[in-house]
J.: 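Before we start, here is the structure in question, set down as structure tokens.
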Amino acid sequence: MGLAELALRLGGVADGAAWAPPRLVHVVQNGEVQGEFSVSSDPHFVPEALDGQPGMRTAASYALGRGTGFPVSGAMRDEHFTTAPAPGTDRYVVLGGSAAMGQAPVGKRGGVRWSTEKLANGVQALPDALAISGQLEARLREAGRPAEVINAGMIAQDSAGVRRIADEVLAFGPTALVLYLGNNEGIGLSAGMGGVDIPRLEPVRDALHGLRLYRMLAELVVPARQRMAAAPPDRVSGMLPEVLGRISLTQWQSAGRPLIEGTTPTDGVHAALLARFRHNLGAIVDAARAQDCDVYVIPTPPHLAYLPFFTGHDPRLGPAAHQAFQAALPVARQAEQRRDWAGLLAAADTLVAADPHSAAAHHLRGLALDGQGQHAAAMDALVMAQVLDLSRKRSQPAYSAVAAALCAEKGCKTTDAHARRVGEGRGRGLAAWHERFGDHEHLLPAGNAWVAGLFAGLILGE
């Protein structure tokens with residue numbers, strides 16, 4: 001066995017190999033997307049004259065939230081526009097998910113209230129004038145640019161869903177596509193993982209996980225143990241945050257260590273998300289450029305103040321560390337409720353010391369540091385909590401790097417809203433988020449104004 005292990009190490013065999021769901025491996029091979037999880041899509045816009053001219057209008061099924069796009073319940077605003085822009089007017093089409101559409105945030109922040117309107121399917125949305133689309137149109141007109149901005153955002157769309165809508169609206173003569181997306185990327189992948197069996201891996205000593213021989217045989221050993229086990233493997237389905245979280249955590253367990261280098265996740269789920277995002281974004285840009293249409297893209301920045309959706313433990317965590325973590329967690333939660341920042345920081349430090357790879361531990365520590373005015377350190381902790389949130393429900397900071405590289409290659413324009421937000425947060429703390437974010441993705445009117453300003457800057461070359 002010793003000679004076999006030595007030969008495998010010298011040959012570089014099974015270096016870092018870990019379990020991954022076969023469907024995930026099939027979808028993304030060598031960094032390329034081999035297939036998409038989608039259903040057939042009816043047209044999002046149908047012909048309907050406007051002021052005596054040929055026009056288009058949001059299909060009733062989508063305006064009512066019963067469209068057959070992905071996912072089925074997606075809803076859009078009831079937009080009505082001419083098939084071609086008026087002479088001398090630039091037409092911009094805003095694309096993305098519910099944040100781009102302008103869905104109203106959950107709850108009210110600091111007593112601030114804003115007007116909302118109910119879409120046909122009952123979803124509360126900000127008036128278009130307060131959404132990114134309306135505020136962008138106002139900014140461009142104030143700058144002397146005759147502009148028409150159409151809001152083609154659709155609830156719960158990932159980059160694949162946005163791509164299908166983009167292909168359709170390119171027929172309506174847009175000057176540019178305005179993409180605000182990234183917060184829904186986990187939806188498509190988690191739906192595609194429906195029915196995946198997750199092996200129930202038992203804790204194995206570090207020495208065993210470190211053996212290349214074990215890693216090479218893992219694909220044979222784990223299924224055999226499952227067949228002999230009394231209980232069947234877990235099965236995940238649906239689009240809940242825990243779907244990708246449980247898959248990623250099982251990959252951690254299979255590798256015997258957290259799959260993260262510094263602040264960069266290295267698990268297969270994260271790699272698949274980045275590959276799909278780049279694949280779809282690149283296809284949108286290529287289709288737009290073929291019609292002499294510009295593309296402006298801003299990946300959605302994650303709301304760092306929002307609690308993690310799925311937090312897992314380091315698979316190497318021993319009984320003593322696990323016990324220390326479980327003892328400190330309720331103490332931290334109680335201190336958070338009392339806004340006892342010193343007490344919370346002490347408890348959070350204990351949590352991080354027990355498990356440095358817990359998203360919840362870093363999130364609580366970030367809140368405590370922010371409460372004490374240590375904003376720069378708070379940002380570091382909260383960014384780490386975001387990276388360790390295995391649900392991938394919030395936008396990944398890496399999407400901005402993907403967009404920057406792609407735009408450098410293909411000629412679209414982008415800016416890193418996440419980096420801007422973190423930079424401001426280092427000086428002002430979480431107030432930089434609370435002023436603009438309602439929940440983990442939906443923006444307050446001030447947040448939409450901020451994003452509209454970033455897009456206006458890209459369009460006007462500022």
Side-chain angles (χ1 to χ4, degrees), residues 96 99-100 105 109-110 132 135-136 139 178-183 185 260-265 270 274 277 281 296-308 341 345 348 352 359 362-389 392 394-408 412-462:
R109 291 291 178 210
I132 294 172
Q135 301 208 50
L136 175 59
R139 292 285 185 103
V178 177
L179 309 180
Y180 185 68
L181 74 172
N183 50 287
E185 286 306 292
I260 181 170
E261 300 293 339
T263 58
T264 303
H270 191 260
L274 296 186
F277 185 75
L281 184 57
Y296 303 95
V297 54
I298 297 180
T300 55
H303 186 359
L304 294 186
Y306 210 79
L307 72 164
W341 305 125
L345 183 58
V352 172
H362 286 280
H363 178 76
L364 290 167
R365 188 170 185 273
L367 296 181
L369 290 168
D370 187 72
Q372 291 188 326
Q374 302 180 52
H375 300 316
M379 292 302 104
D380 292 336
L382 293 169
V383 166
M384 180 58 73
Q386 155 69 9
V387 169
L388 291 168
D389 183 353
R392 309 293 158 66
R394 293 182 291 173
S395 182
Q396 298 299 297
Y399 295 155
S400 292
V402 170
L406 190 141
C407 285
C412 53
K413 293 184 179 180
T414 185
T415 189
D416 191 339
H418 171 67
R420 288 170 178 262
R421 195 76 290 112
V422 172
E424 185 179 349
R426 290 187 178 280
R428 300 183 55 229
L430 289 177
W433 275 268
H434 291 316
E435 291 174 356
R436 295 176 174 136
F437 282 81
D439 47 44
H440 76 283
E441 60 179 326
H442 301 122
L443 296 167
L444 305 179
N448 286 325
W450 173 66
V451 173
L454 295 179
F455 275 121
L458 292 174
I459 294 170
L460 298 172
E462 297 174 351

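As the structure is a prediction and not an experimental result, all values here were calculated from the model. Heads up: numbering here begins at 1 and tracks the sequence.
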J.: Please state whether the rings of His440 and Tyr306 are parallel, tilted or perpendicular, taking 30° and 60° as the class boundaries.
T.: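 The arrangement is tilted - the two ring planes meet at 30° to 60°.
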J.: With heavy-atom distances below 4.5 Å as the criterion, would you say the side chains of Leu443 and Phe437 are in contact?
T.: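 Answer yes - side chains close enough.
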J.: NE2/His418 to CG/Leu304 distance, rounded to the nearest 0.5 angstrom?
T.: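 It is 6.0 Å, given to the nearest 0.5 Å.
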J.: May I ask you to test the Arg392-His270 pair for a side-chain heavy-atom distance under 4.5 Å?
T.: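 Side-chain contact under 4.5 Å: yes.
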J.: How long is the span from the CG atom in Leu388 to the CD1 atom in Ile260, to the nearest 0.5 Å?
T.: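 Leu388 CG to Ile260 CD1: 4.5 Å, rounded to 0.5 Å.
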J.: Please report the shortest heavy-atom distance between Ala368 and Trp341, naming the atom on each side.
T.: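 Where Ala368 meets Trp341 most closely, the heavy atoms are CB-O, 3.7 Å.
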J.: Between atom CG of Asn448 and atom CG of Leu136, what is the distance when rounded to the nearest 0.5 Å?
T.: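 Output value for this atom pair is 11.0 Å.
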J.: Does any non-hydrogen side-chain atom of Leu430 lie less than 4.5 Å from one of Met379?
T.: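 Yes, close enough: below the 4.5 Å cut-off.
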J.: Are side-chain heavy atoms of Val383 and Pro397 found at a separation under 4.5 Å?
T.: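 No - every pair of side-chain heavy atoms lies 4.5 Å or more apart.
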J.: Are any of the side-chain heavy atoms of Arg139 and Ile459 separated by less than 4.5 Å?
T.: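 In short, these two side chains do not touch, never coming nearer than 4.5 Å.
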J.: Measure the shortest side-chain to side-chain distance between Asp380 and Leu369 over non-hydrogen atoms and say whether it is less than 4.5 angstrom.
T.: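 No, side chains not in contact.
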J.: Without swapping roles, check the side chain of Arg436 against the backbone of Gly447 for a donor-acceptor pair under 3.5 Å.
T.: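 It does not hold such a pair.
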J.: For Leu274 and Ala398, work out which heavy atoms get closest and say how close.
T.: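 Looks like CD2-CB, 3.8 Å.
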J.: Is there a side-chain contact between Pro301 and Trp433 in this structure, where contact means two heavy atoms from C-beta onward sitting under 4.5 Å apart?
T.: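 No, too far: nothing below the 4.5 Å cut-off.
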J.: Please work out which of the three classes, parallel, tilted or perpendicular, describes the rings of Tyr399 and Phe277, given edges at 30° and 60°.
T.: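 Rings of Phe277 and Tyr399: parallel, as their planes differ by under 30°.
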J.: Any side-chain heavy atom of Pro299 sitting closer than 4.5 Å to one from Thr414?
T.: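 The answer is yes; the side chains approach within 4.5 Å.
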J.: Closest heavy-atom contact between Ala305 and His434?
T.: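 Distance-wise, the nearest heavy atoms are CB-CE1, 3.7 Å.
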J.: List the atom of Ile132, the atom of Ala100, and the distance in Å for their closest heavy-atom pair.
T.: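 Closest heavy-atom pair between Ile132 and Ala100: CD1-CA, 4.4 Å.
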J.: Rounded to the nearest 0.5 Å, what separation is found between the CG atom of Leu367 and the CG atom of Leu345?
T.: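 Those atoms lie 11.0 Å apart.
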J.: CG of Asp389 to NE2 of His363: how many Å apart, nearest 0.5 Å?
T.: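 These two atoms lie 10.0 Å from each other.
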J.: Applying the side chain to side chain donor-acceptor pair (under 3.5 Å) criterion to Arg394, which one of Gln386, His303, Glu441 satisfies it?
T.: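 So, applying the side chain to side chain donor-acceptor pair (under 3.5 Å) to Arg394 and each of Gln386, His303, Glu441, only Gln386 qualifies.
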J.: With rounding to the nearest 0.5 angstrom, report the CG to CD distance, Asp370 to Gln372.
T.: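 Answer rounded to 0.5 Å: 10.0 Å.
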J.: Restricting to non-hydrogen atoms, name the atom on Gly427 and the atom on His375 that form the minimum distance, rounded to 0.1 Å.
T.: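 That closest heavy-atom pairing would be O-CD2, 3.5 Å.
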J.: For Thr300 and Ser395, indicate whether the former's side chain and the latter's backbone hold a donor-acceptor pair under 3.5 Å.
T.: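 Such a contact is absent between Thr300 side chain and Ser395 backbone.
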